Amino acid sequence: AGPEATAGAHRFPPGFLWGAATAAYQIEGAVAEDGRTPSIWDTFSRTPGKVFEGHTGEVAVDHYRRFREDVRLMADLGLSAYRFSVSWPRVQPSGRGPAVQKGLDFYRRLVDELLAHSIQPVATLYHWDLPQHLEDAGGWPERATAERFAEYAGIVADALGDRVGRFTTLNEPWCSAFLGYGSGVHAPGRTDPVAALRAAHHLNLGHGLAVQALRAGLPAGAEVSVSLNLHQLRPLTAAPEDLEAVRRIDAVGNRVWLGPMLSGAYPEDLLADTAHLTDWSFVRPGDPAAIHQPLDWVGINYYMPNVVSAARDGDGSAQHDGHGNSAHSPWPGADAVAFHQPPGERTAMGWSVDPSGLYDLLGRMTRDYPGLPMLITENGAAYEDAVGPDGTVDDPARTAYVRAHLEALHRAIADGADVRGYFLWSLMDNFEWAYGYAKRFGAVYVDYATQRRTPKATARWYARVARSGELPADPV
Ligand code: PNW
């Protein structure tokens, strides 16, 4: 069929948000500027052996100083929305007590610049940069951290509520709890399954208390949500033991958040799977109700599906799940499970490229939580980019990845999923956590020696999509 046959075939709903996303520690740098104190990621990245080649976010992409240039790049990309995170230790350096106005002023200036370019801000309160002071007091395994988080949420609501219309509380609490306190591949690098489960509960509680603080402090009509990295799971075979492996990973990967946040209770099977580790007595009687707050939508971060089975002789277990190398599992209570790499295309992260996982995940969410709007708050891919002799960056694999996922998203919407926007991860190359600067997810290439920004071919393609509201008929 010619272009006539397909023109308009992939048109997105009116008002659909076309965005890109970043996170404070991955882009800002300026870690000791204007009263900011260290976060757990400053400490972790300065600890030898934790991050690739000892990279840190000390300079990152210098966004704290270059934000005006970066907002211009967003405008060139045709973005109608931008998702960023607020650095807790920048606005409340000790993790408690009064706010630092200079820190808040940075976000006020950033948001004003966005609004001047007609780009709608979406602010994430917590993208993994816990003030080190709070980790020293016990971190997320302690209840007090959830209470501190709600106070911080109130500060941000007061400071930005007059100009930011959409907030999310936590980014990917699964990573915070289970990579941070379970497998230890993320900050603070602890490897204690009970601490990880306690962290999960106090992240849930922090979310619920923060939603309440945001609602109390924000003008009517402000939208409040959370971003979850839900794991789209496939059994290796239809054998009952492989379906059981899927159930276990779904419990500790997905329903540990979806249950309390959206249904008001922890799943019984999760409590049973982890009963040999903890009796969950850290969950107090009023907690499920505190966590179960109405949300305006749910943010979904999707990169790849996971194929799992019961562990068989000779299988490694948690090493093969794409979550970094650790002898310690990020799946407490689901020990005898193996992760499998399906054949086929992979990104530079080794993550498989499979947009049908996004389609399936959105179908599941639509069935399980009818009427709940969703935003794709992250989706994207790392590839080995290089600046060509003519000064351009050609990244056809990334463009194909994004296009294929947008086609899957379009199909999910056509089949009834209420998805209101899509945020590409990431606006620009940045500090990719344990991988340092070695993995590039950006639509915009950053030369780290000079901080020079160069939009990749994907950026130009995405600008066409964002401006027209539809996928161009030509394949890439
Ligand atoms: C997300 N996993 O991280 C984060 O929200 C971003 O900050 C990050 O840069 C991006 O995805 C790319 O990695 C993840 O192990 C880190 O499944 C690890 C996993 C998932 C998401």
Side-chain angles (χ1 to χ4, degrees), residues 19-28 39-41 44-45 51-52 55 57 60-61 63 83-87 122 124-129 168-180 182-187 196 203 226-233 249 252-254 257 299-308 318-326 328-331 339 341 346-354 357-358 361 375-383 398 401-402 405 423-443 446:
T22 63
Y25 190 69
Q26 295 182 273
I27 64 167
E28 287 179 0
S39 75
I40 55 175
W41 269 97
F44 186 76
S45 62
V51 172
F52 177 77
H55 295 172
V61 296
H63 173 75
R83 173 175 178 254
F84 63 96
S85 81
V86 175
S87 163
V122 180
T124 298
L125 296 183
Y126 185 73
H127 201 126
W128 307 352
D129 45 358
T168 70
T169 56
L170 306 171
N171 177 72
E172 304 190 349
W174 182 84
C175 294
S176 296
F178 298 114
L179 301 182
S183 70
V185 302
H186 279 187
L203 284 154
V226 65
S227 285
L228 302 175
N229 59 315
L230 297 174
H231 308 266
Q232 179 56 28
L233 302 167
I249 299 297
V252 73
N254 298 327
W257 318 110
I300 293 178
N301 297 355
Y302 173 84
Y303 291 89
M304 57 168 169
N306 291 279
V307 178
V308 304
Q319 288 90 332
H320 299 303
D321 60 4
H323 302 305
N325 283 315
S326 171
H328 302 273
S329 169
W331 311 102
F339 285 75
Q341 278 285 4
R346 315 257 186 95
T347 71
M349 299 293 282
W351 296 352
S352 61
V353 176
D354 186 350
L358 176 60
L361 179 60
L375 291 188
I376 305 304
T377 40
E378 287 180 23
N379 173 246
Y383 287 103
R398 181 177 292 101
Y401 177 100
V402 176
H405 285 77
F423 292 73
L424 185 64
W425 184 269
S426 176
L427 172 68
M428 51 193 166
D429 295 337
N430 60 48
F431 176 77
E432 177 51 33
W433 307 114
Y435 297 88
Y437 299 96
K439 303 293 179 204
R440 296 177 175 274
F441 275 90
V446 179

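As the structure is a computational prediction, the values presented were derived from the model and not from experiment. Just follow the structure's listing: the first ligand is 1, and inside any ligand the first atom is 1. Computed over heavy atoms, backbone and side chain alike; hydrogens, waters and symmetry mates excluded.
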The atoms of ligand 1 lying under 4.0 Å from a heavy atom of Trp351, numbered in the order shown, are 13 (O)
With under 30° as parallel and over 60° as perpendicular, where do the rings of His186 and Trp433 fit, or are they tilted in between? tilted
Taking every non-hydrogen atom, the tightest pair across Val185 and Ala434: O-CB, 3.7 Å
I'd like to know whether ligand 1 has Trp433 as a neighbour, heavy-atom separation below 4.0 Å. yes
Taking side-chain contact (heavy atoms from CB on, under 4.5 Å) as the definition, give me every residue that meets it alongside Ser176, ordered by chain and number, with sequence neighbours left out. Tyr126, Trp128, Leu203
Kindly assign one of parallel, tilted or perpendicular to the pair Phe441 and Tyr303, based on the angle between their ring planes and the thresholds 30° and 60°. perpendicular
The criterion is side-chain contact (heavy atoms from CB on, under 4.5 Å); which residues satisfy it with Ala60, sequence neighbours excluded? Tyr437
I want to know if ligand 1 touches Glu172 in the polar sense, i.e. an N/O pair below 3.5 angstrom. yes
Between ligand 1 and Trp128, is the shortest N or O to N or O distance under 3.5 Å? no
Which atoms of ligand 1 have any heavy atom of Asn171 under 4.0 Å away? 5 (O)
Residue His127 vicinity, atoms of ligand 1 by number, heavy atom under 4.0 Å: 4 (C), 5 (O), 6 (C), 7 (O)
Taking atom types as modelled, is there a side-chain donor on Ser227 or Thr377 under 3.5 Å from an acceptor on the other? yes
Checking the N or O distance criterion of under 3.5 Å, is ligand 1 in contact with His186? no
